[in-house]
> 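Sharing a structure, written as structure tokens. Questions coming.
All chains are named by letter (A, B, ...) in the order of the sequence lines, taking the proteins before the strands, and each is independently numbered beginning at 1.
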There are 2 protein chains.
Amino acid sequence: MASSPIPPERRRATIADVAKEAGVSSATAGRALGDYGYVREEIRERVRKAAEDLGYRPNSLARSMITGRTNTIGVVGADIANPFFASAMRGIGDVARRDGFGTILTNSDEDVALEGEAVGLLLQKQVDGIIVSPASSVETDHLAEAAESGTPVVLFDRDVVGLTADAVLTDSVGASRTAVGHLLDLGHRRIAIIAELRAALDMEWRNWIGSAPAPDTRMLMPSGARLLGYIQAHAAAGVPVDPALIRGTGSYDPNAARERTLEVLRLDQPPTAIFTVDNVMTHGAYQACREMGIRIPGDLSFVAYDDMEWMTFVEPNITALSQPVYEMGKVAAEMLIRRLRSPEVEPARRLLDTTLIVRGSTAAPR
Amino acid sequence: MASSPIPPERRRATIADVAKEAGVSSATAGRALGDYGYVREEIRERVRKAAEDLGYRPNSLARSMITGRTNTIGVVGADIANPFFASAMRGIGDVARRDGFGTILTNSDEDVALEGEAVGLLLQKQVDGIIVSPASSVETDHLAEAAESGTPVVLFDRDVVGLTADAVLTDSVGASRTAVGHLLDLGHRRIAIIAELRAALDMEWRNWIGSAPAPDTRMLMPSGARLLGYIQAHAAAGVPVDPALIRGTGSYDPNAARERTLEVLRLDQPPTAIFTVDNVMTHGAYQACREMGIRIPGDLSFVAYDDMEWMTFVEPNITALSQPVYEMGKVAAEMLIRRLRSPEVEPARRLLDTTLIVRGSTAAPR
DNA sequence: CTGAAAGCGCTAACAC
DNA sequence: GTGTTAGCGCTTTCAG
């Protein structure tokens, strides 16, 4: 036999090559390599050897064409550079890998159109399922379409109306009530809140203050839900809400958060406490406080939604509402994979617990 | 007949369905939809209409089987939850999307075996190319194999020996020399360094101190390279290196960094400055300093490799060596895509600039 | 310009 | 157990 040590094989070896090398049919070679059907042990070994020799790598594309499964899950997050999504992605990736799935990652930047494109791309690539943190609670046609066409969708961190799908959520309204309640309990009566509120603005959140019925929680994005919790906490404590203390950035931009915070701190009647509803808002607001030389908690108590490592690095440590983000990612992936295995089970909404970690940044107002 | 409100899983429309609907052959339908070959405008419209009506979605798997391209790039990073990789991933994702590529993300956790598996998975999925931050500078057979079998590899943040591939790097040795030089210039003579050093330990870095020839930079992982810079800076300043001040964690574990830092701070002759070589080490070391009530820069000057947002939140702000991480990700993706378009160009090593940002955490020793 | 037919690499029926 | 034969959905010759 003509020996060529390692032929710079341009074309990758296919199962047919392996079959020929092993002297069996391609079907048998497939069975031996793919662990399906029956193959005599002796032959299995021979095929394996041949595959090894030829440096054979199965082509999952071809396999997927037949089986209809790609063993890939698609993830649409807002921004992987945000630690919240980064942790979640790690949770998703760990579970996915454990169960033999790959993960395709896309960023939506909170843009419904981009999200729609991303979902379309994932569908074309025939992902088995999609985990998405929707950019909108109402414009969700693309998600419904995916779900209906047989690609299950798991909602991450954000619920939507009119779509029956698995979801991994936290009780943002309740958590926010807890966080703001903590400040009210301490005696604060003027509490600022810095939030994105893009969607809530459309919903005229001003109506929530007072006697109007509470909006459907499922229609609210996290920032809106946390504002609702803020309002509910005030109502429960019988403390009136001053709309001047509610500041929306309109986007997840730390600098906008910084500016809104500067504005509110410069009010004639400034707040005695501030509540930031996610890590981006916290970033900007904390920066603003530093710029203005605000003393915490002397001048201002500070509560952040979303705990970050650095919150124990600063003096005083920051009181934070901690979410199990990595766990949320894991659960999302587990729910999706469970659904892939048994499509008929009822869609579920998993609510994970949050914790208020009281640290030094909150104290009674002076 | 039993009415099913939402047909659970109607078969997705194929190009044949569209062709029949439009009254043309599937070849023509393909040409109309896929923007290749010639189609009369009138027909193209008719086909598009039919596709629209049927909710047709091209199956990229089938397309890829023929074209041999998946428009997907694989990324193997150590840990997406680490802000360094998260930012890089964002850069990669942005460029990839712009150029019509999807991204499959996997974590290696600095484990060569896991990395090998990940690369194997990506190869099976027929990714067009791979961006990898190798877990080892020497065990790189799987990378060489990928490259040789026609899947280009771009090295991210870490060079390797014996593999000709595109690479996006920073000059870790030089940057470290700058950072440590800054401390030496301030008059520090006992500077601790906290680094991972798992690979460097194998290389017996103790030999680098003194007159031994410098090791080949390409063999060094970032933590080793930064230690080398530390040693070189000392040599240039004529300051002897005390091995007791060099602490390796052996893994990217903030708690290990915390412990190594506590140890070094409790030395009979403690350091007057500390240099942490990446954000994980910084995290643990800073924590240790807080625990021990160390005053910065009074008791200890602090320099961190890798700038983080919170470094301007703490008092004093931390002097940091800043890397253009997002940019590095973008460049990596650009290099890969360029190679996919023109495979014959010479592999290049792109070195991006780093900057030392001097802040309040460094001062002359007392 | 359009259609018929031949596959891409693999698995799933079906024979033997 | 194993081989033969169809395809999966699409692009690509190659005629016409």
Side-chain angles (χ1 to χ4, degrees), chain A residues 9-48 50-51 54-72 123-128 149-151, chain B residues 9-48 50-51 54-72 123-128 149-151:
Chain A
E9 200 80 38
R10 213 50 273 166
R11 196 176 58 86
R12 281 179 210 191
T14 73
I15 215 164
D17 300 327
V18 174
K20 201 190 300 169
E21 177 81 7
V24 296
S25 74
S26 68
T28 299
R31 284 188 271 253
L33 263 19
D35 271 342
Y36 56 90
Y38 304 88
V39 197
R40 210 180 341 144
E41 191 52 40
E42 177 200 331
I43 300 242
R44 187 188 301 272
E45 273 317 311
R46 186 141 48 95
V47 173
R48 287 213 175 121
L54 297 176
Y56 169 76
R57 275 261 164 60
N59 180 334
S60 17
L61 257 39
R63 175 174 295 172
S64 295
M65 284 229 53
I66 298 174
T67 63
R69 289 172 299 101
T70 51
N71 286 319
T72 304
L123 254 23
Q124 288 191 198
K125 290 201 187 297
Q126 313 289 117
V127 297
D128 294 338
S149 76
T151 304
Chain B
E9 212 160 319
R10 62 159 199 280
R11 195 178 59 86
R12 279 179 220 208
T14 74
I15 214 163
D17 300 328
V18 175
K20 201 190 301 171
E21 177 82 8
V24 296
S25 73
S26 68
T28 298
R31 285 189 268 254
L33 263 18
D35 272 341
Y36 55 90
Y38 303 89
V39 197
R40 210 182 338 145
E41 191 51 41
E42 176 201 331
I43 299 237
R44 186 188 301 273
E45 273 317 311
R46 185 140 51 96
V47 173
R48 286 213 175 121
L54 297 176
Y56 170 75
R57 275 260 165 58
N59 180 333
S60 17
L61 257 38
R63 175 174 294 171
S64 295
M65 284 227 54
I66 298 174
T67 63
R69 288 172 299 101
T70 51
N71 287 319
T72 305
L123 254 24
Q124 288 190 199
K125 290 201 188 295
Q126 313 289 117
V127 296
D128 295 336
S149 77
T151 303

> Do the side chains of A:Val47 and A:Arg44 get nearer than 4.5 Å, heavy atoms only?
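When only atoms from C-beta onward are counted, A:Val47 and A:Arg44 do not touch, as no gap falls below 4.5 Å.
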> What is the distance from CG of B:Asp17 to P of D:dC8, rounded to the nearest Å?
11 Å
> How many whole angstroms separate atom CZ of B:Arg46 from atom P of C:dT2?
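Roughly 9 Å, once rounded to whole Å.
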> Counting only side-chain nitrogens and oxygens, does A:Ser25 get under 4.0 Å of the OP1 or OP2 atom of D:dT2?
no
> Looking only at the side chains, is there a donor atom on one of A:Thr72 and B:Lys125 sitting less than 3.5 Å from an acceptor on the other?
yes
> Over how many whole Å does the gap from B:Glu42 atom CD to C:dT2 atom C1' extend?
13 Å
> Expressed in angstrom and rounded to an integer, what is the separation of B:Arg69 atom CZ from D:dT11 atom P?
11 Å
> I need the CD-P distance between B:Gln124 and C:dG9, as an integer number of Å.
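Going from B:Gln124 (CD) to C:dG9 (P), I get 15 Å.
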> Any idea which of D:dG9, C:dA12, C:dA5 is nearest the B:Ala27 side chain?
C:dA5
> For the CD1 atom of B:Ile15 and the CZ atom of B:Arg57, what is their distance to the nearest 0.5 Å?
14.5 Å
> At 10 degrees resolution, what angle do the end axes of the helix from C:dC1-D:dG16 to C:dC16-D:dG1 form when each is taken over five base pairs?
40°
> When you measure from the side-chain N and O atoms of B:Thr14 to the phosphate of D:dG9, is any distance below 4.0 Å, counting only OP1 and OP2?
no
> Out of curiosity, A:Leu54 CG to A:Asp17 CG, how far, rounded to the nearest 0.5 Å?
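The CG atom of A:Asp17 is 6.5 Å from CG of A:Leu54, to the nearest 0.5 Å.
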> Test side chain to side chain contact (heavy atoms under 4.5 Å, CB included) on B:Gln126 and A:Arg12 and set out the steps.
CA-CA 11 Å; B:Gln126 313 289 117; A:Arg12 281 179 210 191; 4.3 Å; yes
> OP1 or OP2 of D:dT12 sitting under 4.0 Å from any side-chain N/O of B:Tyr36?
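The answer is no; no side-chain N or O of B:Tyr36 sits under 4.0 Å from OP1 or OP2.
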> Without decimals, in angstroms, what is the distance between B:Asp35 CG and D:dT11 C1'?
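It is 14 Å, rounded to the nearest whole Å.
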> Provide, to the nearest angstrom, the distance between the CG atom belonging to A:Asn59 and the P atom belonging to D:dC10.
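For the pair A:Asn59 CG and D:dC10 P, the rounded distance is 17 Å.
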> Where is the tightest heavy-atom contact between A:Arg48 and A:Ala32, given as atom of each residue plus distance?
NH2-O, 4.3 Å
> Within the modelled atom types, does a donor on one side and an acceptor on the other bring the side chain of B:Arg31 and the base of C:dG3 under 3.5 Å apart?
yes
> Would you indicate whether the side-chain heavy atoms of B:Thr151 and B:Val127 approach each other to under 4.5 Å?
yes
> From A:Asp128 CG over to A:Ser64 OG, what is the distance, rounded to the nearest 0.5 angstrom?
7.5 Å
> Find the distance A:Lys125:NZ to D:dG9:P and express it as a whole number of Å.
18 Å
> So, OP1 or OP2 of C:dC1: does either fall under 4.0 Å of a side-chain N or O from B:Arg40?
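So the side chain of B:Arg40 is outside the cut-off, no N or O lying under 4.0 Å from OP1 or OP2 of C:dC1.
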> If you check every side-chain atom of A:Tyr38, which of D:dT2, C:dT2, C:dC10 has the closest atom?
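The nucleotide sitting nearest to the side chain is D:dT2.
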> Map B:Ile43 and A:Thr67 onto DNA chain C by nearest heavy atom, then report which one ends up closer to the 5' terminus.
B:Ile43
> By nearest nucleotide on DNA chain C, pick out whichever of B:Ile66 and B:Val24 is the more 5' one.
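The residue closer to the strand's 5' end, by nearest nucleotide, is B:Val24.
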> Any idea which of C:dT2, D:dG9, C:dT11 is nearest the B:Val39 side chain?
C:dT2
